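Down below is the structure, laid out as structure tokens.
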Amino acid sequence: MRKVSIAELFSTKRTQSFRFIREEEVARMMTPISKSSSKPINLSDMLMTLASNIICRAAFGKYYTGEGSEKGDFNRLFRETQATFVAFFVADFIPWLGWIDKIDGQCARLEKNFYELDDFYEKVIEEHLDPKRDKLEQEDFVYVLIHVRKDLNLTRDNIKAILMNILVAGTDTGSATLTSAMTELVKNPKVLKKAQDEVRRVIGRKKKVEESDILQLQYLKLVVKETFRLHPPVALLLPRETIRHCKIDGYDILPKTLVFINAQAIGRDPDCWKHPNEFMPKRFIGSEIDYKGQHFEFIPFGAGRRICPGMLFGTTSVEFALANLLYLFNWELPSGTNIEDLDMSEAPGIATHKKYGLLLVATNYDGSN
């Protein structure tokens with residue numbers, strides 16, 4: 001399953017093939033921001049919609065977010081799925097008291113959500129198998145999985161499982177990272193100005209940032225790195241299970257032990273980082289430390305064989321969206337709001353979302369100034 005994801009879905013070539021989707025969706029988000037007339041906007045909501053649209057188009061070939069009965073059902077289902085992920089189940093902590101989950105309705109809620117998700121994925125697969133369906137500009141993930149299913153002995157349940165991972169992981173993590181980056185930039189005006197100066201110097205008189213420009217935006221990449229360090233998309237990496245006995249600092253770790261890796265705590269460890277709680281992109285200037293799994297003091301995507309296969313897809317989307325936000329608009333807090341008033345507390349969930357939406361005021365940038 002992992003090889004399928006790396007070779008067929010998240011390869012460099014496949015990620016580049018979805019460039020037009022990223023460019024269209026980012027441009028689509030910029031329009032309402034430009035028309036906001038210097039009024040406060042909830043940037044968190046816009047970034048969630050952006051991430052959802054990119055993932056839905058890349059994975060399913062069409063929108064499932066927004067208004068309308070079908071989209072409304074999807075939005076409700078996705079919110080319920082997110083809520084179920086972090087719901088409290090007694091059986092997770094005291095297995096022999098699992099019967100309590102049945103009595104209080106948690107098991108029934110989980111079953112209902114599962115069957116609704118299964119029905120949604122079933123309809124998506126059937127739509128792609130329909131010979132009368134219009135041909136897409138670029139094959140989406142479902143088409144790819146259908147084409148390779150016989151060679152790789154993939155079942156429908158296998159395909160549904162991969163789609164589930166893509167939908168949840170791709171939507172939540174991208175929007176959370178962008179929100180964290182914009183929050184930290186507004187909190188640190190000098191860093192914001194330096195990042196905007198770089199983008200505007202490189203882009204010049206063009207109307208927008210193109211994805212090919214990202215390679216030249218070295219300071220912006222440092223901003224994204226620092227965001228990953230201070231606010232990893234997933235604070236606790238997905239749990240793992242030990243396969244053999246080992247010793248760590250004198251402690252015996254037995255086989256089949258459930259292990260949680262606190263990526264956020266590692267990224268803020270004072271033994272590894274100077275001023276760990278400060279947002280300082282310049283700390284990565286001249287540093288070889290990267291988030292690609294080779295440096296264990298910085299593992300927002302994990303490391304080793306289980307590193308996130310969608311890392312390239314995710315970081316490409318984040319860097320491109322952030323570059324356009326910084327190039328096209330000047331950003332400030334709403335009138336009467338001070339930097340000290342920004343609440344950085346996080347909501348419960350697998351991804352580290354801000355508890356409260358990020359309200360900012362955007363004014364269009366005039367390149368002649």
Side-chain angles (χ1 to χ4, degrees), residues 12-58 62-63 65-66 136-138 170-171 174-186 189 191-225 227 281 312-332 358-369:
T12 301
K13 182 179 179 180
R14 184 74 63 185
T15 297
Q16 291 174 346
S17 73
F18 291 122
R19 171 178 171 173
F20 75 99
I21 292 179
R22 290 187 291 272
E23 292 184 340
E24 288 176 4
E25 292 306 319
V26 168
R28 190 174 178 219
M29 182 180 72
M30 298 303 152
T31 301
I33 297 177
S34 180
K35 295 179 179 178
S36 63
S37 301
S38 299
K39 296 179 181 177
I41 58 173
N42 190 325
L43 190 59
S44 299
D45 288 349
M46 289 185 167
L47 294 173
M48 174 62 82
T49 300
L50 170 69
S52 298
N53 287 344
I54 291 175
I55 288 297
C56 282
R57 289 185 64 187
K62 71 176 191 178
Y63 295 109
T65 57
L136 298 173
E137 182 177 346
Q138 171 63 38
T171 300
S175 60
T177 300
L178 280 166
T179 299
S180 295
M182 287 301 297
T183 303
E184 290 291 355
L185 287 171
V186 171
V191 178
L192 173 59
K193 184 179 186 307
K194 188 170 183 178
Q196 286 185 313
D197 286 347
E198 179 194 58
V199 175
R200 290 167 181 175
R201 183 182 69 255
V202 169
I203 305 306
R205 297 282 183 172
K206 291 197 296 185
K207 292 183 178 180
K208 61 181 180 180
V209 181
E210 296 176 352
E211 205 165 282
S212 57
D213 298 320
I214 301 298
L215 289 175
Q216 303 177 63
L217 303 177
Q218 296 304 312
Y219 190 73
L220 179 129
K221 288 180 177 291
L222 301 185
V223 169
V224 172
K225 269 189 178 184
T227 302
L312 176 61
F313 188 98
T315 54
T316 301
S317 299
V318 166
E319 290 174 351
F320 178 61
L322 183 61
N324 274 278
L325 288 171
L326 296 181
Y327 176 64
L328 294 173
F329 308 104
N330 293 317
W331 297 92
E332 59 184 16
L358 178 61
L359 298 180
L360 294 178
V361 174
T363 53
N364 293 312
Y365 166 65
D366 183 357
S368 62
N369 291 338

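Treat the numbers as computed from the prediction; the structure is a model and nothing was measured.
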(request) For Lys208, check side-chain contact (heavy atoms from CB on, under 4.5 Å) against everything at least two apart and list the hits. (result) Asn324

(message) Looking at every non-hydrogen atom in both residues, tell me the closest pair between Leu359 and Asn42 and how far apart they are.
(response) CD2-CA, 3.7 Å

(message) Tell me if a side-chain donor or acceptor on Ser38 pairs with a main-chain N or O of Thr363 at a distance below 3.5 Å.
(response) no

(message) Quick check: closest heavy atoms across Ala362 and Ser36, and the distance to 0.1 Å?
(response) O-OG, 3.9 Å

(message) Pair Ile214, Val209 - check side chain to side chain contact (heavy atoms under 4.5 Å, CB included), show working.
(response) CA-CA 8 Å; Ile214 301 298; Val209 181; 4.2 Å; yes

(request) Taking all non-hydrogen atoms of both residues into account, name the closest pair between Val223 and Ala195 and its distance. (result) CG2-CB, 4.4 Å

(message) Is any side-chain heavy atom of Leu220 closer than 4.5 Å to one of Glu198?
(response) yes

(message) With a 4.5 Å cut-off on side-chain heavy atoms, are Arg14 and Phe313 touching?
(response) no

(message) How long is the straight-line distance from CD of Glu210 back to CD of Glu23, given to the nearest 0.5 Å?
(response) 6.5 Å

(message) I need the Lys35 NZ to Asn364 CG distance, nearest 0.5 Å.
(response) 11.0 Å

(message) Taking the side chain as everything from C-beta on, heavy atoms only, tell me whether Leu43 gets closer than 4.5 Å to Ile33.
(response) yes

(request) Identify the heavy atoms of Ala58 and Phe18 that sit nearest to each other, and give their distance. (result) O-CZ, 3.8 Å

(request) Would you check if the side chain of Thr179 reaches a backbone N or O of Ser175 as a donor-acceptor pair within less than 3.5 Å? (result) yes

(message) Can you tell me how far apart OG1 (Thr183) and CG (Leu360) are? Round to the nearest 0.5 Å.
(response) 7.0 Å

(message) Looking at every heavy atom in both Pro281 and Val191, which two are closest together, and how far apart are they?
(response) CG-CG1, 3.8 Å

(message) Tell me whether Arg57 contacts the main-chain N or O of Lys62 through its side chain, where contact means a donor paired with an acceptor under 3.5 Å.
(response) no

(request) Determine, for Tyr63 and Arg28, whether the Lys NZ or Arg CZ falls below 6.0 Å from the six-membered ring centre while staying within 45 degrees of the axis. (result) yes

(message) Do Leu217 and Leu326 have side chains that approach each other closer than 4.5 Å (heavy atoms only, starting at C-beta)?
(response) no

(request) Kindly say whether Val318 contributes a backbone atom to a donor-acceptor pair with the side chain of Arg22 at under 3.5 angstrom? (result) no

(request) Compare all side-chain heavy atoms of Leu325 with those of Trp331 and state whether any distance is below 4.5 angstrom. (result) yes

(request) Check step by step if side chain to side chain contact (heavy atoms under 4.5 Å, CB included) holds for Val26 and Met30. (result) CA-CA 6 Å; Val26 168; Met30 298 303 152; 3.5 Å; yes

(message) Apply side chain to side chain contact (heavy atoms under 4.5 Å, CB included) to residues Lys221 and Thr315 and explain how you reach the verdict.
(response) CA-CA 10 Å; Lys221 288 180 177 291; Thr315 54; over 6 Å; no

(request) Check whether any side-chain heavy atom of Met29 sits under 4.5 Å from a side-chain heavy atom of Leu47, and report yes or no. (result) yes

(message) Between Tyr219 (side chain only) and Gln196 (backbone N and O only), is there a donor and an acceptor less than 3.5 Å apart?
(response) no

(request) Kindly compute the distance separating CG (Asp213) from CD (Gln216), expressed to the nearest 0.5 Å. (result) 6.0 Å

(message) As an exercise, state the distance from OG of Ser317 to CD1 of Ile55, rounded to the nearest 0.5 Å.
(response) 7.0 Å

(message) Measuring from atom NZ of Lys194 to atom CG of Leu185, what distance do you get when rounded to the nearest 0.5 angstrom?
(response) 12.5 Å

(message) Is there a side-chain contact between Ser180 and Glu184 in this structure, where contact means two heavy atoms from C-beta onward sitting under 4.5 Å apart?
(response) no

(message) Are the side chains of Gln16 and Thr316 in contact, using a 4.5 Å heavy-atom criterion?
(response) no

(request) Take atom NZ of Lys206 as the centre, draw a 6.0 Å sphere, and report whether it contains more than 12 heavy atoms from other residues, nucleotides or ligands. (result) yes

